[in-house]
S.K.: 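Below is the structure I would like to discuss, written out as C-alpha cells.
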Amino acid sequence: MREMIISELSQALLDLRMGFAHYLPRLIVMLILAFVGWAIAYAVKVVLRSILRLIKFDKLSENAGASQLLNKAALPAASEVLSRFVFWVVWLGFILLGVGVLGILGLQEQVAKFFFFLPRLFVAMFIMFFGLLAASFFSRAALLAAVNANVPSPRVLSLAVRSIIIVFVLSIVFEELGLAEQTMLVAFGIAFGALMLGLAIAFGIGGRDLAQRFLERKFVRAKKEEEGEDELSPL
Amino acid sequence: MPSVRTEIKLAEETFLTDDFLRQLINVGEVDILVGLPTHNNAKTIGAVVQSIQTGILRWFPRDRAVIINPDGGSRDGTRELVTGISIDDLRPVSNLHALRTLHCISTPYGSSPSSAVALRTILAAAELLRAKACIVMSPESSHTEDAWISKLLQPIRTDGFDLVTPTYRRHKFDGLLITNLLYPMIRALYGLRIREPYTHEFGFSGRFGAEFLLNNVWDDGTGASGPELSLTLAAITGRQRICQSFLGQKDHIERRSADLVPALRETVGPMFSALDSTFPAWGAVTASQAIPTTGPDHEVLLDPVRVNRKRLREMFSTGVAELEGVFHSILSPTTLAELQRIAGLEEAEFHYSSELWVRTVYEFAASYHKSVISRDHIIQALAPLFRGRALTFLMENRNGSAADVENNIEGLCLEFERLKPYLLQKWKSRE
C-alpha cells in the first residue's frame with residue numbers, strides 16, 4: 001500500500017516534471033513572442049502616428065466629423081486613437097500567436113478566427129471612416145446650397161442628408177463585420193423607412209406653414225420683380 | 001519656336017473638329033480675329049455681329065479678318081444668325097465697302113456652354129490662323145458699338161499692348177463683386193489697377209494668346225471656370241503690356257441675384273487658385289500703380305434702383321448663423337465673433353466695415369490655400385458674407401454722387417493694400 005502510494009506520487013511528480021519540461025520552452029517562446037510583439041507594435045505605433053501627423057490625418061478626421069465624436073467620448077485625437085488601436089491589434093496578434101504555440105486545444109481555433117476577422121475589421125474601419133467623410137462632405141454641400149438658395153431650415157436638410165448616409169454606412173459596416181446580418185438588415189430597413197416616413201410627415205404636415213412660406217416667397221418675389229424691384233448683378 | 005510647337009499640339013488634340021479645321025484652312029492667315037462665344041443669344045446676336053462687321057469695315061478695311069463663333073449648343077438658331085448676316089446688309093446703312101473677304105465661322109463645341117472650351121477654341125483658331133490681334137466680344141450686350149472693335153484692337157495693333165481690358169459706364173451698384181472684391185484685391189496683391197479684371201469683352205495680341213494657350217490652366221482644371229480672369233492674371237504675372245480702353249455703357253440682359261454662387265466660382269475661385277502658383281509674383285508687391293488707359297477709367301450712372309435690402313440682411317444673418325460650423329474652419333475666432341455681432345444688428349445699424357470685409361476675404365484666401373475644407377465649399381460659403389458687404393455698400397452710397405462712390409471704392413482698395421501683411425501672415429501660418 002505504502003509502495004503503491006509512493007509509486008503513484010512519483011509518477012505524478014514525473015508527469016508534472018515532464019509536463020513542465022514540455023510546456024516551459026513553449027511558455028518561454030510565448031513570452032518572447034509577447035515581448036517582441038510589444039516592441040514591434042510599439043514601433044508600428046510610433047511610425048504610424050508620425051505618418052498620420054505628417055499627412056494631417058487629424059484635419060481629415062475633423063472634416064469627416066470623426067473628431068467631434070471622439071471629443072464627445074473624451075478620447076484623444078484621431079491619429080492617437082488609430083495608432084493606439086493598431087498597437088493593440090498588433091500586440092494582441094503576437095500574444096495570440098504565442099498562445100497558439102502553447103498548443104492548448106480550443107484556443108488555436110479562436111486564434112485562427114481572430115486572424116481571419118482582422119482583415120474584415122480593417123475594411124469595416126475603412127468604410128466607416130470614408131463613410132463619415134462622405135456624410136460630412138455631402139451634408140455640408142447640402143447646407144451651403146440650401147443657405148445660398150434661401151431655403152428654409154437648411155440645417156434640417158443637412159442633418160437629414162448626414163443621417164441617411166450614416167445609416168447606410170453603418171449597415172454596410174455591420175454587414176462587413178458579419179454582426180447580426182439579418183437583424184441589421186431589418187433594422188436598416190426600419191430605420192430608413194422611418195426616416196423617410198418622418199421626413200414625409202414633417203414636410204407634409206409639420207412643415208405645411210414652412211412650405212407655404214417657401215412657395216409664397218418664391219411667387220411673391222417673382223411678383224415683386226414684375227413690379228419693378230431691381231436685382232443687383234454681381235459682375 | 002513656340003508657334004510650331006503649338007500647331008503640332010493643336011493638330012494632335014481633338015477639341016477642334018475636322019470640319020472646323022477645314023474651314024480654318026480655307027481662311028488662310030488673318031490679321032484680326034474676333035471671337036464671339038454664344039449660347040442661345042438669338043435675341044441680341046444679330047446686332048452684335050453687325051456692330052463687329054461694321055467696326056472691321058470702318059476701322060480695319062485693309063486687314064484680313066475672321067469672326068470665330070464657338071457655340072455651346074444653341075437651340076434658338078443663334079449659329080444660323082451669326083453666319084447668315086452678310087456685309088451686304090450693312091451697305092445701305094453705313095455706306096461701307098469691303099476690300100477683303102470677311103470670313104465668319106461658327107463651330108459647335110458641345111451641348112452645354114463652357115467659357116473655357118469657347119476661349120480655348122478661339123485661342124487655337126487665332127494660333128492656327130496666325131492672327132496678329134484678337135478680341136473677344138460678348139454676345140449679350142445690347143449696347144455694342146462698332147467703335148468698340150477699334151478701341152480694343154487699336155492699342156494692340158499700333159501700340160504693341162498684349163492685353164486690353166475694357167472700362168465701362170456702369171450703374172454705381174452694378175458689378176459689386178468687381179468693385180468690392182476683384183478689383184481691390186488684384187490691385188493690392190499684384191500692384192496693377194485693372195478696373196475690369198473679369199470681363200467678356202477684351203483684346204489680346206496673337207503672341208500672348210499663343211502663350212496662354214500653352215498654359216496648363218486647361219489641364220489642371222484651374223481654367224475650367226472663369227478662364228477670362230485666368231487670362232488677365234496670366235498677363236499680370238507674365239509681365240505682359242496691359243492697358244485699359246473705355247468702351248461705353250455696359251448692360252446686363254439678365255439680372256439675377258441667384259447667379260452669385262456661379263459668379264463667385266468663375267471669379268473668386270480662379271483668383272484664389274492662382275494665388276498658390278503666383279506667390280512669387282504677388283508676395284513682395286507693396287504698392288499699386290495705374291496702367292495706361294484710353295478714355296476715363298470708369299463712369300458712374302446714378303439712376304435710382306429698388307433693392308430689397310431686408311432680404312440681403314436676412315440672407316447674411318441666416319448665412320452667418322447656419323454656417324457657423326463651416327466658418328469655424330475658415331475664419332479666425334475674432335473675425336467670426338465680429339460677424340456674429342453685426343449679424344444681430346437691425347438694418348439701420350448694420351455696418352460691415354471695410355476692414356472686417358478685407359480680413360474676411362484674406363482669411364478665406366488663406367483657408368483656400370490650405371484647403372481646410374473642400375475648396376468649392378469655401379467659395380460657396382463666401383456668398384452670404386458678400387451679401388452683407390453689398391448691403392453696407394448700398395447703404396453707404398445710397399445717396400452718394402459718382403465721386404462719393406469712387407472715394408468709397410478707393411478707400412476699400414487702400415484697406416486691401418494696408419492689410420496685405422495680414423494675408424501674408426495668415427498665408428504662412430501653419431494653423
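Worth saying up front: this structure is predicted, and the values here are computed from it rather than measured.
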S.K.: Side chain, backbone, both or neither: which part of B:Phe173 has a heavy atom under 4.5 Å from chain A?
M.R.: both

S.K.: Please find the pair of heavy atoms, one from B:Met315 and one from A:Val147, that lie closest to each other, and give the distance.
M.R.: CE-O, 4.4 Å

S.K.: First locate atom CG of A:Leu144, then atom CG of B:Asp376, and finally report the distance between them rounded to the nearest 0.5 Å.
M.R.: 8.5 Å

S.K.: With a 6.0 Å cut-off (strictly less than), is the heavy-atom count around CZ of A:Phe117, excluding the residue itself, greater than 12?
M.R.: yes

S.K.: Can you find a pair of side-chain heavy atoms, one from B:Leu323 and one from A:Arg155, that are under 4.5 Å apart?
M.R.: no

S.K.: To the nearest 0.5 Å, what is the distance between OG on A:Ser153 and CD on B:Glu322?
M.R.: 7.5 Å

S.K.: State, to 0.1 Å, how close B:Ser374 and A:Arg140 come at their nearest heavy-atom pair, and which atoms those are.
M.R.: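 Heavy atoms only, the tightest pair is N-NH2, 3.7 Å.
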
S.K.: Would you say that more than 12 heavy atoms from the other residues, nucleotides or ligands in this model lie under 6.0 Å from the CZ of A:Phe168, or not?
M.R.: no

S.K.: Over all heavy atoms of both residues, which pair between A:Ala145 and B:Gln380 is shortest? Give the atoms and the distance, please.
M.R.: N-OE1, 4.1 Å

S.K.: Would you say that more than 12 heavy atoms from the other residues, nucleotides or ligands in this model lie under 6.0 Å from the OH of A:Tyr42, or not?
M.R.: no

S.K.: With a 4.5 angstrom heavy-atom cut-off, is it the side chain or the backbone of B:Thr179 that approaches chain A, or both, or neither?
M.R.: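 Nothing of B:Thr179, per the 4.5 Å heavy-atom cut-off to chain A.
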
S.K.: Sort B:Leu394 into side chain, backbone, both or neither according to what part of it lies under 4.5 angstrom from a heavy atom of chain A.
M.R.: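 Just its side chain gets close to chain A.
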
